[in-house]
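Beneath this line is the structure, given in structure tokens, with notes to follow.
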Amino acid sequence: MQVLVRDNNVDQALKVLKRKMQREGIFREMRARRAYEKPSERRNREEGEAVRRARKLARKQAVREGLIAAPKKKSVERPAFARPPAPAPTSE
């Protein structure tokens with residue numbers, strides 16, 4: 001896996017590398033390999049993952065066919081202290 005460093009911006013390159021590793025599932029694999037996983041535990045985990053994938057696929061299909069409503073998008077509400085101050089009223 002390669003990441004180009006532009007203008008000596010190592011922080012940005014590190015951010016890109018982490019994003020690529022996350023997408024590839026390397027962090028998940030590292031966590032899984034920390035300790036031995038018994039075959040029965042592995043089988044149970046893989047079955048659970050398969051069930052989750054199947055449910056997700058069925059939910060997406062149902063949304064596409066209009067059988068269920070699409071999930072509502074989360075609106076990002078900025079806190080009051082993050083908003084720029086309102087202009088002061090002028091009385092002229």
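As the structure is a prediction and not an experimental result, all values here were calculated from the model. All residue numbers refer to positions in the sequence shown, counting from 1.
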Review point. Within a reach of under 6.0 Å around CZ of R19, are more than 12 heavy atoms found that belong to other residues, nucleotides or ligands?
Key: yes
Study note, to complete from the structure: Sorted by chain and residue number, the side-chain hydrogen bond (donor to acceptor under 3.5 Å, both in side chains) partners of E46 (sequence neighbours excluded) come out as R42
Point to revise | Q2: side-chain hydrogen bond (donor to acceptor under 3.5 Å, both in side chains) partners, not counting sequence neighbours | key: none
Practice item. Sequence neighbours left out, what passes side chain to side chain contact (heavy atoms under 4.5 Å, CB included) with K56? Give chain and number order. Key: R59, K60
Check your understanding: Taking only residues two or more places apart in sequence or in another chain, which ones pass side chain to side chain contact (heavy atoms under 4.5 Å, CB included) with M1?
Key -> L17, K20, M21, E24, I26
Review point. To the nearest 0.5 Å, how far apart are CG in L4 and CG in N9?
Key: 12.5 Å
**Study point:** Listed partners of R55 passing side-chain hydrogen bond (donor to acceptor under 3.5 Å, both in side chains), at least two apart
**Key:** none
Practice item. Taking side chain to side chain contact (heavy atoms under 4.5 Å, CB included) as the test, write out the residues that go with Q22, two or more places apart. Key: F27
Point to revise | side chain to side chain donor-acceptor pair (under 3.5 Å): pairs with one or both residues in residues 30-41, sequence neighbours excluded | key: E29-R33, E37-R45
Exercise for review: For R53, enumerate each residue passing the side chain to side chain contact (heavy atoms under 4.5 Å, CB included) test, keeping only those at least two apart in sequence or located in another chain.
Suggested key: E49, A50
Point to revise | Co-members of the apolar cluster containing L57 [side chain, <4.5 Å] | key: none
Study note, to complete from the structure: Using a 4.5 Å side-chain heavy-atom cut-off and chaining through intermediate ILVMFWY residues, the residues clustered with I68 come out as V63
Revision key, fill the gap. Members sharing L67's hydrophobic cluster, built from side-chain contacts under 4.5 Å between Ile, Leu, Val, Met, Phe, Trp and Tyr, are none
